[in-house]
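Have a look at the structure below, then the notes.
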Amino acid sequence: MQLGGLSCTLGRFPAPGMPRFQTSKEPCMSVVYNPEAVEKAAREQWDSSRCFEVKEDAGKDKFYCLTMFPYPSGKLHMGHVRVLTISDVIARYQRMQGKLVLQPMGWDAFGMPAENAAIQRGVPPAKWTYENIDYMRGQLKRMGYAYDWSREITTCRPEYYRWEQWLFTRMFAKGLVYRKNSVVNWDPVDQTVLANEQVIDGRGWRSDALVERREIPQWFMKITAYADELLRELDNMPGWPESVKTMQRNWIGRSEGVELSFEVAGEDERLTVYTTRPDTLMGVTYMAVAAEHPLARKAAEGNSEISTFIEACQKTDAAEATLETMEKKGMPLGIDAMHPISGDKVPLWVANFVLMSYGTGAVMAVPGHDARDWEFAKKHRLPIRQVIAPTDGSTIDVADAAYLEHGVLVNSGKYDGLDFDAAFNAIADFFESSGLGRRTVHYRLRDWGVSRQRYWGAPIPIIYCDDCNAVPVPEDQLPVVLPEDVQFTGVGSPLKDMPEFYETSCPECGKPARRETDTFDTFVESSWYFARYACPDAKDAMLDERAAYWMPVDQYTGGIEHAILHLLYSRFFQRVMRDEGLVQSAEPFTNLLTQGMVLKDGAKMSKAKGNTVDPQALVDAYGADTVRLFMMFAAPPEHALEWSDEGVQGSYRFLKRFWAAVHTHAEAGAAGPVDPSILVEPQLALRRKVHQTIQKISDDIGRRHAFNTAVAAAMELLNAIGRFDDKSAAGRAVEREALNAVVLMLSPMVPHICNALWRALGNESVLIDQPWPTFDAAALEQNEIDLVVQVNGKLRGKIRVAVDASRDSIIELALAEENVARFVSGNKIKKTIVVPGRLVNVVI
RNA sequence: GCCCGGAUGGCGGAACUGGUAGACGCAACGGACUUAAAAUCCGUUGACCGAAAGGUCGUGUGGGUUCGAGUCCCACUCUGGGCACCA
């Protein structure tokens with residue numbers, strides 16, 4: 001971004017105060033808008049009164065307003081500014097509604113970027129993180145966000161993460177965590193585990209080596225134990241966007257199906273598969289197993305072609321998107337399974353798209369009625385058999401494409417003629433009665449793997465003992481503190497080279513034992529921080545009774561990119577905490593606002609892409625209010641916002657006009673209260689506009705969260721005030737009421753300038769404690785309104801009618817309108833539609 | 001590949017419940033002020049036809065429903081997000 005030129009023209013603001021307008025009462029106020037001075041004064045006022053620090057008060061309506069806390073990446077970026085401003089506007093608006101508003105801030109402080117910085121610049125992750133936090137905290141304060149800083153949380157501090165270690169041990173006791181093998185991306189050159197993000201086109205980002213799938217033992221949390229509740233409760237969450245709920249429903253992916261087993265020639269163990277389409281069972285023409293499947297391994301022993309293929313299968317990363325888009329490859333194993341009903345031989349293949357860790361590691365293939373199976377069968381010339389026909393009797397050819405709909409069974413022996421439900425039940429019954437299978441409910445959702453082979457994370461509180469196996473660290477030995485003074489090289493975790501960290505004794509038998517050196521996924525910290533803000537200083541418990549007061553969060557705001565993982569994990573943790581007796585509510589977030597991303601050059605702003613825009617330069621040039629205003633005005637909050645450097649000036653210009661309008665009015669002297677009974681038409685019109693605008697902005701902010709149209713409405717009103725030229729006492733009273741309303745209504749968005757303008761208008765009170773303005777219905781009343789007249793749906797004229805005009809008199813006026821009459825003349829009117837208050841449509 | 005969004009002037013967007021498409025702002029152009037520039041103020045600005053009145057077209061593409069569609073339905077195109085180790 002090029003702001004060098006800007007600072008030349010904008011860096012030299014006129015010195016505060018021009019003698020002509022200076023008053024002794026407000027030394028830094030003048031008709032020249034000086035954002036730096038105005039904002040500093042407001043900040044000092046808020047800081048010294050500590051007005052955003054809140055204490056629980058059972059007698060008051062609480063409002064917990066929260067933003068997804070930032071990762072301390074170095075400095076604020078536009079995405080932060082956008083979401084934090086949205087949340088701040090809501091918080092300040094709710095305060096004006098009389099609520100006791102909690103708006104806390106903290107740091108999602110563990111994560112990979114700190115390790116990357118350590119590798120690149122040799123700074124220890126802890127030092128880098130704490131320095132970033134200090135810098136970014138300063139930036140947030142400069143933006144004027146209404147935070148209760150006394151509740152600040154930093155997740156890399158032991159006093160924070162000790163409680164998630166504690167919860168983990170509680171979950172261990174309840175059987176909600178377990179250890180199993182799972183796949184990671186292994187970089188064979190750097191000898192390290194890579195994040196999916198660090199794999200580019202199947203190669204390690206630094207080493208450029210082909211990444212391998214490797215299985216290692218890892219800890220899992222049983223989120224699937226809550227799958228059904230997490231799914232069902234979505235139906236009772238009206239405060240969440242439908243799109244997010246739909247994404248979560250699909251992610252959880254509940255399906256009802258049948259688990260059934262096939263006999264394998266020469267094997268004792270049967271091969272089990274899960275299917276939601278048992279009705280297509282007679283169409284199975286082959287089966288596929290994962291490369292890691294024991295049957296594949298066994299077949300590879302005497303066959304170098306198969307073992308080469310299996311090796312090749314493992315030379316790929318573990319991301320689902322990769323698996324789904326890569327070329328589907330497979331090889332026959334030379335082993336046959338037996339079809340459980342027909343007894344036919346079904347060839348067994350090994351395939352690269354089947355994963356051992358998902359489900360049973362084996363699938364039955366019905367190429368006639370499954371798109372992926374169809375493609376694979378075509379490629380490998382496997383038979384495709386039609387066993388389902390359309391219910392409407394039409395014919396299809398499975399040689400052209402798989403038929404995916406439910407239908408009637410054909411070519412299925414005794415099951416022929418059955419529909420989906422009947423066939424499902426008949427075949428499920430067959431397996432259940434023969435003991436070879438059973439009906440099951442299956443979830444796409446998998447248990448949450450929380451182990452990370454990284455240094456900069458919270459240590460997993462487990463001790464491995466040769467005799468006692470994996471033992472959780474006892475509560476009185478928590479926290480397991482992550483050493484912060486380490487040599488970080490990037491090859492493996494330094495914890496693995498620190499005997500002083502991992503050497504310990506078994507809590508159960510006392511023998512020498514070894515600590516777990518893996519750390520938690522950073523999503524663990526972000527899955528409960530919202531509750532900890534209620535009682536950040538609680539020493540003896542994860543949460544105390546204050547959490548019951550503040551939770552659930554009334555308004556949660558964050559990026560749509562978190563629609564699934566973070567929000568689902570948080571919903572899971574909230575339930576774990578509930579079952580531990582720590583909170584009451586099952587759901588952590590009552591209302592969710594997912595703000596769109598700030599894009600630059602059509603892509604998400606990220607350090608990795610190098611397309612970030614630094615808000616600091618804008619704040620330096622124009623002040624925080626201009627940046628806040630622009631972010632609110634540029635787009636509705638849910639939309640992606642394509643960043644453009646232009647347009648910020650427009651917001652700045654508006655604030656200058658706003659400032660000048662208030663001061664010009666105030667310089668002219670006092671103004672009394674409005675007496676509606678003596679107003680005449682232009683005064684009534686402005687007053688009507690004022691109260692219309694109050695009505696609109698209240699709805700825009702309070703209900704719709706449409707901050708962009710709220711700003712537009714305020715701009716319109718200010719334009720109307722500018723055109724209003726009435727120096728009479730009544731005129732000045734109306735203008736004063738109008739300006740007071742604009743200041744109040746813009747104050748959540750641009751709080752600093754409004755703080756100053758409120759005083760300039762002669763108000764002695766503190767702006768942030770003012771109630772939100774209410775509109776006067778009497779001021780909205782009108783005698784006449786304009787209606788649009790259409791002929792056959794096309795706009796042909798406008799008429800002005802009395803508000804209470806009858807339908808007949810409206811039609812009469814409409815037909816009399818000159819242009820309308822021209823289009824109607826000589827035609828028979830078929831019908832006339834009158835939409836009260838809007839339009840007349842004459843159909844000819 | 002699968003799931004969830006989006007597409008409206010030169011640009012960001014408005015139109016909330018199917019009822020005046022383009023509010024508000026940016027940019028551009030013209031004018032005022034100025035020695036000049038910046039800042040500020042005033043005006044014009046969807047395309048086309050017309051002297052004007054007014055008309056025709058127009059909300060990614062192609063169909064449909066309706067008196068009336070940016071909005072609802074069907075089929076596409078392009079594009080953003082997510083896909084379990086970025087946060």
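Letters A, B, ... mirror the listed sequences (proteins, then strands); counts begin at 1. Because only heavy atoms are used, hydrogens play no part in the values below, and waters and symmetry mates are left out as well, while side chains stay in.
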Identify whether any heavy atom of [X] sits under 4.0 Å from a base atom; if not, whether one sits that close to sugar-phosphate; answer base, sugar-phosphate or nothing.
X        : value
A/Glu242 : nothing
A/Phe823 : sugar-phosphate
A/Phe654 : nothing
A/Gln218 : base
A/Val184 : base
A/Ser651 : nothing
A/Thr325 : base
A/Trp448 : nothing
A/Phe633 : base
A/Leu445 : base
A/Ala706 : nothing
A/His562 : base
A/Val193 : base

Which one is paired to [N], where only Watson-Crick or G-U wobble pairs with both distances under 3.5 angstrom count?
N     : value
B/A14 : none
B/A37 : none
B/U65 : none
B/G22 : none
B/C48 : B/G55
B/G60 : B/C76
B/G1  : B/C83

Answer yes or no: does a side-chain N or O of [X] lie under 4.0 Å from OP1 or OP2 of [N]?
X        : N     : value
A/Thr522 : B/A87 : yes
A/Asn841 : B/U66 : no
A/Arg249 : B/C4  : no
A/Arg796 : B/U56 : yes
A/Asn708 : B/G25 : no
A/Arg653 : B/A27 : yes
A/Lys794 : B/C57 : yes
A/Arg704 : B/A15 : yes
A/Arg446 : B/A84 : no
A/Asn819 : B/G55 : yes
A/Lys798 : B/U20 : no

Identify which nucleotide among [options] has an atom closest to any side-chain atom of [X], counting heavy atoms from C-beta outward.
X        : options             : answer
A/Arg822 : B/G55, B/G12, B/C16 : B/G55
A/Glu716 : B/G1, B/A23, B/A39  : B/A23
A/Thr246 : B/G13, B/G55, B/C4  : B/C4
A/Glu320 : B/C85, B/A84, B/C16 : B/A84
A/Val843 : B/G13, B/C24, B/C67 : B/C67
A/Ala635 : B/C4, B/G13, B/G81  : B/G13
A/Met247 : B/U20, B/A84, B/C4  : B/C4
A/Asn719 : B/A21, B/C86, B/G25 : B/G25
A/Lys696 : B/C16, B/C86, B/C4  : B/C16
A/Ala321 : B/A84, B/G1, B/G25  : B/G1

Please tell me whether [X] and [Y] form a close aromatic pair, meaning their ring centres lie under 6.0 Å apart.
X        : Y        : result
A/Phe523 : A/Trp528 : no
A/Tyr569 : A/Trp448 : yes
A/Phe110 : A/Tyr161 : yes
A/Phe353 : A/Phe376 : yes

Work out how far the [atom1] atom of [N] is from that of [M], and round it to whole angstrom.
N     : M     : atom1 : value
B/A39 : B/C29 : P     : 13 Å
B/C67 : B/G18 : C1'   : 12 Å
B/C4  : B/G55 : P     : 44 Å
B/G82 : B/A15 : P     : 27 Å
B/C48 : B/C33 : P     : 33 Å
B/U45 : B/U40 : P     : 22 Å
B/A69 : B/G19 : C1'   : 10 Å
B/G9  : B/G62 : C1'   : 23 Å

Torsion-based syn/anti label for B/G9, 90° from 0 as limit: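 Syn, since the glycosidic angle lies within 90° of 0.
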Electrostatic pair A/Glu327-A/Lys379, nearest N-O below 4.0 angstrom: yes
A/Thr67 OG1 to A/Arg82 CZ distance, which is reported to the nearest 0.5 Å: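 With rounding to 0.5 Å, OG1 (A/Thr67) is 13.0 Å from CZ (A/Arg82).
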Rounded distance [0.5 Å steps], CD1 in A/Ile799 versus CG in A/Asp786: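 A/Ile799 CD1 to A/Asp786 CG: 9.0 Å, rounded to 0.5 Å.
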Contact check, side chains of A/Met68 and A/Leu567, non-hydrogen atoms, under 4.5 Å: yes
Sidechain-backbone polar pair: A/Thr155 side chain, A/Asp108 backbone, donor-acceptor under 3.5 Å: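 The answer is no, because no donor-acceptor pair under 3.5 Å joins these two groups.
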Donor-acceptor contact present, side-chain A/Glu212 to main-chain A/Asp187, <3.5 Å: no
Heavy-atom donor-acceptor pair, A/Gln198 side-chain to B/C86 base, under 3.5 Å: no
